[in-house]
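Data block below; observations after.
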Amino acid sequence: MQYNHQEIEENWQKFWAENQTFKAENNSEKPKYYVLDMFPYPSGAGLHVGHPLGYIASDIYARYKRHKGFNVLHPQGYDSFGLPAEQYAIQTGQHPAKTTEANITTYRKQLDKIGFSFDWSREVSTSNPEYYKWTQWIFIQLFNSWYNKDTDKAEDIATLEKIFKKEGNATINAVSDEDIKTFSADEWKAFSKTEKEEILLQYRLTFLSDTEVNWCPALGTVLANDEIVNGVSERGSHPVVRKKMTQWSMRISAYAQRLLDGLEKIDWPQPLKDSQTNWIGRSQGAMVSFDVANGTEKTSSEVKLSYKELEALKELRQNLSKAETVLWDELKNKKGAAKFRKKYTIGTFLVDYVCLAKNLIVEFSGKEDEAERTAFFNNESFNVVRFKNEEVIENVLKVVAAINTAIQFPKKIEKTVEKKVVAKDENKYKIDVFTTRPDTIYGVSFMTLAPEHELVSKITTDAQKADVANYIKATAKRSERDRMADVKTISGAFTGAYAIHPFSGEKVQIWIGDYVLANYGTGAVMAVPCGDQRDYDFAKHFNIPIPNIFEGVDISEEAHTGKDGTKIANSDFLSGLKYKKALKLAIFEMEKRGFGYGKINYRLRDAVFSRQRYWGEPFPVYYKDGMPQMIDAEHLPIVLPEVEKYLPTEDGKPPLGNATVWAWDSRGKKVVANDKLKNKTVYPLELNTMPGWAGSSWYFNRYMDATNATEFASKESLEYWKEVDLYIGGSEHATGHLLYARFWQKFLFDKGIVPVDEFAKKLINQGMILGTSAFVYKATAFVQNGCSIDKSNDDVLEKIPTIFVSKNLFSSDDEFETVVKNYLLDNKLLNPNFADLVMITKTAIHADVSLVNSSDELDVDGFKNHALNADYKNAEFVLEDGAYKVGREVEKMSKSKYNVVNPDDIVVEYGADALRLFEMFLGPLEQAKPWKTSGISGVSSFLKKLWKLYFNEEVFEVSDAAPTKEELKVLHKTIKKVEEDIENFSFNTSVSTFMIAVNELTALKCNKKAILEPLLVLLSPYAPHISEELWSKLGNKGSISTAGFPVFEAKHLIESAKNYPISFNGKMRFTLELPLDLSKEEIEKVVMENEKTIAQLEGNTPKKVIIVPGKIINIVI
RNA sequence: GCUCAAGUGGCGGAAUUGGUAGACGCGCUGGAUUCAAAAUCCAGUUUUUUCGGAAGUGCGGGUUCGAUUCCCGCCUUGAGUACCA
């Protein structure tokens, strides 16, 4: 009987749908497993063969887990809000909801044909109000939360108000806007409602603010940083400019550190983690304040240690007493935050041990100046504990325990002297800078401010005013893109002002320069030209001194940017120290003297959350007295209003400004017509919509309880499914979706809504499938330059048709020309007299890949008649061996390259099972690989061969006879390999394994049920339709999908002999079959007596014979 | 520039606690079957060779009895990111 894939596949797809075979249970005895594909956007173009790759892999895994006895959740849905549908709506006037629905239908049809085991009862679409109701709900939760740094989590805004009421905001340790005014409890109580709301907005996790945004005029919307690639929009490549607008933002920066830390506990690809790490951009350094000089120079009164004293100190560290060594060995082994240093200077005192993080000093008692020391240390906020030598030597663990107690329960320090507070001079300006190299602070010879820096106008001297103004004018003209593209030009201007170096007290020039970015850090840098290339170039260009603070380093040509191994010099108390120590000491001193402190900076910016678009989630927000108000959750969803057109309004408002029914009736609790706005209790609604990533940042939780109408998802279902166990998708979401989704998950976790703070345990990036484009080579004739143009030339060209030359007829442009000319002459299309006048050039043109067969031969007639090749209807083809061969090149699969392959066509011709197998067979899942349809014949004939095993000519026939040893060996070898492969996500190799198994069973003429039945279960995750069909033909009732995975038994693989490779100096020369139970000595004897060995030795005596039983024999000559 | 990943036949790729390089498939060559084609089946297919062999996993070194696999340096390709202080 013939294997009829079309009929079989259609039947089983129907069976699965009717029986809801893959419906997951929220209550099950079985262990759970959650397999998820990244949310697809249903585009109008439909799927090409590259899209299902990840879906097939996850489907195989999901099916495998079902065989292994798991309750598998494997859902699918659509991220259906987005720009393309809206752009299409603008062009055609069709409602995006309609086109989106049509696209979803196409997608669903295509997906169904591939035989995925999705639980469609849980399907969600982000544009469905039943879904985005909960997206709006989460937004409200974010609005009603603030980030408490003390508890390191998000809390309800009510707890913040409570503190304000009690003690004002001075003690609050929150993530908030910068420049928040300090107020007392009384002041808070006196604020008006609007004032209070304004203040709270500065703390909320989603907040309205005037921010510089990336405005894309062509798309009429703002874009997030991750939606911009190389300075242009990711979608459509339109230019982007910076613009100040009032926008909703998400305080993702509050989670920067936790997003970083969380990466360590999830099994995600390293490159993906790297790019998130990169995007978050943590840099450790210091904030330093430089005073702007106003005549008087400050001198430092601090006592410091000289270089010599520091050297002596180092010496001391090497030579510890016995008690000191014993205690140090214990202290340094202590894990965690409480890290100790030995022989450290605090002020002018040398202390035995200090834990800077916990402000604890540990000393041996008996020092002369103990009282004085204690007073000084306490004044510097250190606790001191002392031990006797004997105590340490007798019981070091007891001492360590006492130290631990001191760390955990620090004594309250009573300061004898109040810390000096640096008095702020009335008209004294300060420049704050962030630096990652506080160790190089003595190398500062100037400062650079961004031209936009607010101090520029205040500090510029009259003499320099003109220069500075000109420079600012010039840079303002340069667009962001120009500035980014042109990093070579060095430009800047001197302000005439000076800053005071906080350590040395020296005056340093203050410059402005556009290499300093206003929106990074503080918009100012302390320039260390000897240690930073940009500072170096700037200094060279403007003849600013470049002091060298590195020991033995030549900086005459370029800055010294390395940090390891170099000692600091000419730096007072830092001299002689290496990077790490100098860094810490510098920060320590800054903190002590009060002009700087250690700080961690993140590159991660708060995420702009407003889009000036129609096709997105509406905000559940209305405005009362200009302040945003949340609509109560019970009135959700706020449904997207109808609009007449999808463009911005004439006065530049977002498209929702066109809606006529878009006002909030705060009494009736419903959306009403805009004309009711005259009414006192009716307020305008928000006109922006949410960005594309809103709906996709939490959908994985919705699948757990997708139809819940009263909750985001029930507690029980969230508790049962917890997180995604396996998440498969493309790497393009690294810094967008995957970062935002982790952020929301952490927030929802803080609020006790979800039970885990990372939503996906394991993630795999599938590689892209590339297209194999086909090229034809067109000859264009023209008359050589330098000849007078006359009519005879036109005649010459007129007779020449378009000519295509087969790929292998030429290897260079010259050869190409010769081939074409010969063809023209042979066919009398060119007068030999004019042959030298005519020149031929070659152009490669994409040919539709569907016109090319597996041998790279073009269907010439098909090409001529192709709709897109109307110009070439009468073209002539120069053939090789009777065929036209095309050139091949691997490119991204795209319509414009005519290399798109539609999975539907493959399914019709070869079947879904063949498609699934072939996509996996192409290569490792994570790798990019080219698609070549011709290769599919391999898996197609494999399926036919498999089918044949179960048939005797036309009759289905399997035998109940006991399988032979050989047959069992084939089966168990296959079980072992396939199981290992699936566990390792190495799907390509298991397809090979199936082929080998079928080849071997065919050779053995095996038709035993005991072999062929378990084989189907192994294959069923990969090729479910044929497996179901044969499974039912074997007499099984119901679906194969939950049949137990065959159990591997090692006993079937035990061999008695091994075909040993015999190597000489590591090179394999021949093999020798030997029983496995031979001892090393016996093996050596047999091998050495072998005549081939003797021939190889050529009379030499082997130096050594290496025998690894069961593996290899190597003879060293 | 920085970070990461990858370089193996004509092509996709296989082989790692270091142990027979090129499994499996495509393509190609020859043969069988056929009036013929498709389909199917069989044999061969890294290079080189004096047919004994010899060389060979981007290049150059190293470790080892033995290296595609480990180490050092370099080259190439791809991806991400970038005046980030």
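Reminder, nothing fancy here: chain letters follow the sequence lines and each chain counts from 1.
- The separation between M995(A) atom CE and rA14(B) atom P is 14 Å, rounded to whole Å.
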Shorter than 3.5 Å, N or O on both sides, protein versus nucleotides 2-12 of chain B: list them out with atom names.
unit_1  : atom_1 : unit_2  : atom_2 : d
rG12(B) : O2'    : L922(A) : O      : 2.4

Dump the pairs, protein N or O against N or O of nucleotides 39-44 of chain B, anything under 3.5 Å, distances to one decimal.
none

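- For F538(A), the ring pair (Phe, Tyr, Trp, His ring centres under 6.0 Å) test picks out F446(A), W511(A), Y515(A), F542(A), with sequence neighbours left out.
- Among the protein residues, N988(A) comes within range of the sugar-phosphate backbone only, with heavy atoms under 4.0 Å from sugar or phosphate atoms but none that close to a base.
- The partner of rG73(B), taking Watson-Crick or G-U wobble pairs whose two distances both stay under 3.5 Å, is rC59(B).
- Taking side-chain N and O atoms only, R282(A) has no distance below 4.0 Å to OP1 or OP2 of rC84(B).
- In this view, Y3(A) and W947(A) satisfy the ring pair (Phe, Tyr, Trp, His ring centres under 6.0 Å) rule, not counting sequence neighbours.
- Evaluation of the salt bridge (Lys or Arg N to Asp or Glu O under 4.0 Å) rule for K540(A) yields no partner, not counting sequence neighbours.
- For Y910(A), there are no side chain to side chain donor-acceptor pair (under 3.5 Å) partners, not counting sequence neighbours.
- The side chain to side chain donor-acceptor pair (under 3.5 Å) search around T1093(A) returns none, not counting sequence neighbours.
- In this view, F985(A) and Y61(A) satisfy the ring pair (Phe, Tyr, Trp, His ring centres under 6.0 Å) rule, not counting sequence neighbours.
- Partners of F775(A) by ring pair (Phe, Tyr, Trp, His ring centres under 6.0 Å), not counting sequence neighbours, listed by chain and number: H846(A).
- Applying the salt bridge (Lys or Arg N to Asp or Glu O under 4.0 Å) test to every pair with at least one member in residues 915-931 of chain A, sequence neighbours left out, gives these pairs: D59(A)-R916(A).
- Close to rU20(B), at under 4.0 Å from its OP1 or OP2, lies no side-chain N or O of N1114(A).
- In this structure, CZ of R437(A) is placed 15 Å from P of rC84(B), rounded to the nearest angstrom.
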With the criterion being N/O to N/O and under 3.5 Å, what pairs connect the protein with nucleotides 55-58 of chain B, and how long is each?
unit_1  : atom_1 : unit_2   : atom_2 : d
rA55(B) : OP2    : R1069(A) : NH2    : 3.4

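- The C1' atoms of rG12(B) and rA6(B) are separated by 16 Å, rounded to the nearest whole Å.
- Residue D535(A) is classed as having no contact, given no heavy-atom separation below 4.0 Å to the nucleic acid.
- Between V525(A) and M447(A), every side-chain heavy-atom pair lies at or beyond the 4.5 Å cut-off.
- rU69(B) sits 11 Å from rG18(B) when the P atoms are compared, rounded to a whole Å.
- With sequence neighbours excluded, no residue satisfies salt bridge (Lys or Arg N to Asp or Glu O under 4.0 Å) with R605(A).
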